[in-house]
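Some notes on the structure that comes next.
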There are 2 protein chains.
Amino acid sequence: MSDESATWFYEHFEHSGSAIGFRVTGKVDEVQSPFQKIEIWDTTDWGKLMVIDGAIMLTTRDNFLYHEMMSHPVLFTHSNPKRVVIIGGGDCGTLREVLKHKEVEQVVQVDIDEQVTRMAEKHFPELCDANADPRAQLLFDDGIAYMKNAAPESVDVIIVDSTDPVGPAEGLFNEAFYASCHRALRAGGILVQQSESPLVHLSLIKSMRHHMAAAGFAHFRTLPFPQPCYPTGWWSCTLARKGAELSGFRERGAHSKIFPTRYYNVDIHRAALASPEFMRELGD
Amino acid sequence: MSDESATWFYEHFEHSGSAIGFRVTGKVDEVQSPFQKIEIWDTTDWGKLMVIDGAIMLTTRDNFLYHEMMSHPVLFTHSNPKRVVIIGGGDCGTLREVLKHKEVEQVVQVDIDEQVTRMAEKHFPELCDANADPRAQLLFDDGIAYMKNAAPESVDVIIVDSTDPVGPAEGLFNEAFYASCHRALRAGGILVQQSESPLVHLSLIKSMRHHMAAAGFAHFRTLPFPQPCYPTGWWSCTLARKGAELSGFRERGAHSKIFPTRYYNVDIHRAALASPEFMRELGD
């Protein structure tokens, strides 16, 4: 249906019957790690494009949406986030946003695949410019095992910044993993996880919440946000809290933040808490 | 980059270097009107797909986002919208939403191409189920000429529901057209126009506002919303008001609306007024 397919990289989303493509000028790097194949493409309009096992992970141009929304809403919802764990997140974009919060004393990032971080350092250096922060610790290890072995009541915020719930990341979407997270969180601690497209993955969001509830979490919120490079261009994160409600956030802190962002601000945070009519069944 | 291209319909957005595709099972209808080629495809997951001159117009599954956001925010911003004009909008989805407002006494829809409406009646009948409403008048005529000849101070709300600002719709994005709209509006009247993707068309939005200001409009707001079938999956409409500010909306009316919607509600309206950090330069 087009004679230009040679210059376009497409990802076909089997589950949703839709596809997204970027115009590319060539593949600039590729590595087969013990876990997955990581490719880097140059695009005409979106900077670099990272693809893992055929799935679009991020582009230079639009990753700020996802990384800001995976970090600032949860950190401004917690009253005093000192210890943060990121599961996945190997491109380090979420880590960079988390480290913008001065009250954060320690961030441990646990990604199973060191090659994702090495590729990010090479091709998305702007996402890695906080990696040397003394508060940051980068582990290349199994995030499921890490949370299972984490000391009880030792963490304030857990950010699950993973690929889709198939393959290696599948174990990050079940009750056993959520029970490990719940145990590791202090009272009032919050788990946030990327939760796919509100429009085509509402049943996944319900299933995640069901498993989170079975693991002891009692309060949930799903925040939608735009993300052009993911299916439908509309994505979400879901927050689950231990032992406290999820009814507000530190609006004054968000309003007077001194670090720069490109999407997030206090108004956008409030806006992300609005529930579209078709999502009302979630009860947010 | 895929061996499945035969089963996918793609639109390549030259301006943004991105593409969107839907898995299709076949073309079910096609007509060459005096103005454009209209195709209807069956998709596996998105219902029917309407394509005009190769550009994706709407799908059964996701058009509610666009149509609700092109109608309800502007109608709940106007204090008492009685007379409404829709320029374009031949699929009748916006018309259907407008007619849900009981205070609206008359809606004139002016689309240049009758075949768009005929195809919508056949393949998207749910969008046309209010066409027989006695308050609705469907004209197949030139919207630019219609607004030029409209009686001064005769309209409360003008909705410009058009294709991209190239080809036939180009004349809907310039000062002369906006001057016609300004003259036709009553004091406090509002023009709303689809204004493309906030992420890749910010300069277009600024240019629209510039031309609107030159035509006499003084206050503007751009409301973003998700729209999977359009470039980046994130779209917007821009409101411009004659002789009054655009600082709020009828929140009580929106909250107590008795008609059904799938995306829009009072919280979503408030949320759409939040300006992402990179859009602050618009001054909303």
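In the text below, chain A, chain B and the rest are named by the order of the sequence lines, each starting its count at 1. Computed from heavy atoms alone, side chains included, the values below leave out hydrogens, waters and symmetry copies.
Heavy-atom distances place the side chain of B:Thr44, and not its backbone, under 4.5 Å from chain A. Heavy-atom distances place both the backbone and the side chain of B:Phe22 under 4.5 Å from chain A. For chain A, the nearby part of B:Phe13 is the backbone; its heavy atoms alone come within less than 4.5 Å. Heavy-atom distances place both the backbone and the side chain of B:Val200 under 4.5 Å from chain A.
Checking side-chain atoms of B:Trp46 against main-chain N and O of A:Ser16 turns up a donor-acceptor pair under 3.5 Å.
The greatest number of non-hydrogen atom pairs below 4.5 Å with chain A, out of B:Pro226, B:Gly233, B:Cys229, is found for B:Pro226. Among the candidates B:Leu65, B:Asp45, B:Asp267, the residue making the largest number of heavy-atom pairs closer than 4.5 Å to chain A is B:Asp45. Contact tally against chain B (heavy-atom pairs below 4.5 Å) for A:Asp62, A:Val266, A:Thr232: the top residue is A:Thr232. Taking B:Pro198, B:Pro231, B:Gly54, B:Gly21 one by one and counting their heavy-atom pairs under 4.5 Å with chain A, the maximum is reached by B:Gly21. Ranked by heavy-atom pairs under 4.5 Å with chain A, the list B:Pro260, B:Gly17, B:Ser197 is led by B:Gly17.
Close approach to chain A, defined as a heavy atom under 4.5 Å from one of its heavy atoms, is seen in B:Ala271, B:Ala274, B:Ser275, B:Pro276, B:Glu277, B:Phe278, B:Arg280 of residues 270-284 of chain B, taken by number.
Taking each heavy atom of B:Ala19 and A:Tyr10 in turn, the nearest pair found is CB-CE2, 4.2 Å.
For A:His15, the NE2 atom sits in a packed shell: over 12 heavy atoms of surrounding residues, nucleotides or ligands are nearer than 6.0 Å.
For the pair B:Leu199 and A:Pro228, the minimum side-chain heavy-atom distance is below 4.5 Å.
Using the six-membered ring where Trp is involved, B:Trp234 and A:Tyr263 have ring planes that are perpendicular, over 60° apart on the 30 and 60° scheme.
Residues that satisfy the side-chain hydrogen bond (donor to acceptor under 3.5 Å, both in side chains) test with A:Thr222, not counting sequence neighbours, are A:Arg209, A:Thr238.
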